[in-house]
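Working notes for the structure below.
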Amino acid sequence: MERLIYFDHNSTTSYSPSVRKYLKQGILEDWYNPSSIYFKAQNLYQKIRDCRQFLSEYLNCSSKHLFFTSGATESINTILSLETLKLHQLSGFISSFLEHHATLKRLNYLSKQKKEVSLVHWITSYQGEIDLNQLEKMCFKYPKSLLSFLSANNETGVITNIKTIRQIAKKYHCLIHVDAVQSLGKEPVDLEDWDVDFVSFSGHKIGAMKGIGLLYAKKAFAPLMHGGGQERALRPGTYNYPAIKSFKLAVQDIDLKKQDYVRKLRDYLEDKLLTLSKESLEKNLSSSFEINCKNANRLPNTSNIYCAGVENHVLVLSLAQKGLYISSGSACNEGSTEPSHVITMLNGSADKAYARSCIRVSLSPSNTKQEVDLLEISLKEILDKHISSYPKKFEGILESSNL
Ligand code: PLP
């Protein structure tokens with residue numbers, strides 16, 4: 001059988017054990033429309049209520065604040081709207097250049113809708129972290145804004161300090177939306193503790209089916225679509241019961257204790273690559289790696305790695321040929337070879353060449369030390385083989401080694 005070693009869990013995940021079991025053994029009976037009034041259908045409706053209740057207990061929030069959506073993109077687009085501003089008499093949006101495209105592109109779209117006012121204000125970053133001083137200045141200048149931030153970055157894994165953001169937000173009467181897609185399953189998510197207004201989640205990042213998401217809304221919001229009365233008419237459309245159930249089962253399978261193992265595995269990979277870099281420097285060889293945001297508070301599973309001299313699409317495809325799956329950044333770029341906007345912004349400079357040589361490795365408890373060893377060996381082999389263009393700082397080294 002063809003080898004498949006998967007290191008792209010921030011992009012999507014395979015089904016969790018309970019979801020797998022449900023898809024194999026239980027899904028065929030669950031085809032009724034939960035909004036119909038006969039027993040078989042109403043039974044599913046009751047089960048949706050149970051799923052919502054289960055999720056609210058896990059997330060530590062009231063079940064009446066949870067709405068099923070088709071994914072985080074929909075949840076984000078629902079909350080980041082002109083209607084939300086109107087409902088809460090807010091002046092505009094404050095967000096960062098590090099956000100996922102679901103936020104960036106939505107806000108860019110909205111800013112074009114109201115050309116007469118400047119609706120969106122962007123925060124820059126330093127080393128992948130939101131500049132909190134700049135955020136405070138921005139909130140002072142534009143009070144009563146809707147702030148939207150990732151809880152953890154999908155490309156670097158850098159975790160946002162939600163508590164500090166909340167303090168700033170409260171001071172300037174702002175509301176907060178958090179894109180928590182990458183946190184669920186990797187770090188504790190306690191919505192009472194977070195004390196924010198809106199949160200978006202996605203099922204397929206934690207082992208549920210694709211096309212299911214969750215929106216937590218403590219405050220009023222307007223529906224993105226209009227139709228039936230599902231989800232109190234705030235998210236109309238026939239319920240996708242199997243996907244809802246898979247979300248519940250995937251959350252049930254979360255075991256945060258396993259993240260200690262994942263962190264050790266990630267650190268093991270990073271240490272190996274950095275040691276290799278050091279040895280290469282000493283021996284004038286080519287393998288050179290840097291770990292982006294290494295010292296930041298990061299998700300345990302994510303590593304963003306600069307591989308000197310090789311473009312990331314070469315790395316992704318060469319590794320895939322060996323049965324190793326990683327990514328060059330967010331999967332949402334649909335095959336684009338444009339460098340990641342997040343990595344481009346890392347040092348506050350728009351260094352596209354650097355970003356073009358960065359890859360993302362995102363692990364899960366299913367990965368092993370042997371797989372990580374294979375990744376390290378393969379990366380070294382590819383770098384040794386492909387060095388073609390290289391950044392200035394390695395020029396001297398590479399020239400002296402005649403590569
Ligand atoms: N936000 C983040 C941080 C993500 O990683 C993703 C998925 O790539 C999304 C939002 C979009 O989620 P979905 O695929 O459920 O629409």
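Counting starts at 1 for both ligands and their atoms, in listed order. Note that the structure is a prediction, hence the values are computed from the model and not measured.
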### Query
If you measure from atom 2 (C) of ligand 1 to every heavy atom of Asp179, Ile212, Asn154, which option wins on shortest distance?
Asp179

### Query
Between Val19 and Asp253, which heavy-atom pair has the shortest distance, and what is it?
N-OD2, 4.2 Å

### Query
Should one rank Asn77, Thr73, Val181 by closest heavy-atom distance to atom 11 (C) of ligand 1, which comes out on top?
Thr73

### Query
Would you call Lys380 and Asp384 a salt bridge, taking side-chain N to carboxylate O under 4.0 Å as the test?
yes

### Task
Using a strict cut-off of 4.0 Å, indicate which atoms of ligand 1 neighbour a heavy atom of Leu150.
3 (C)

### Contact partition for Asn153 relative to ligand 1, non-hydrogen atoms under 4.0 Å
neither

### Task
Below 4.0 angstrom from a heavy atom of Gly71, which ligand 1 atoms are there? Numbered from 1 as shown, please.
15 (O)

### Query
Has His204 got any heavy atom lying under 4.0 angstrom from an atom of ligand 1?
yes

### Task
Flag the pair Glu99 and Arg106 as a salt bridge only when some basic side-chain nitrogen lies within less than 4.0 angstrom of an acidic carboxylate oxygen.
no

### Query
Would you say Ile76 and ligand 1 have an N/O pair spaced under 3.5 Å apart?
no

### Query
Does Asp195 pair with Lys163 as a salt bridge, N-O distance under 4.0 Å?
no

### Task
Could you check whether the rings of His341 and His101 sit parallel, tilted or perpendicular, using 30° and 60° as the cut-offs?
tilted

## Note on the structure
Lys205 heavy atoms within 4.0 Å reach ligand 1 at atoms 5 (O), 6 (C), 7 (C), 8 (O)

### Message
Tell me every residue that passes ring-ring contact (aromatic ring centres under 6.0 Å, His included) with Tyr142, counting only those two or more places apart in sequence or in another chain.
### Response
His121

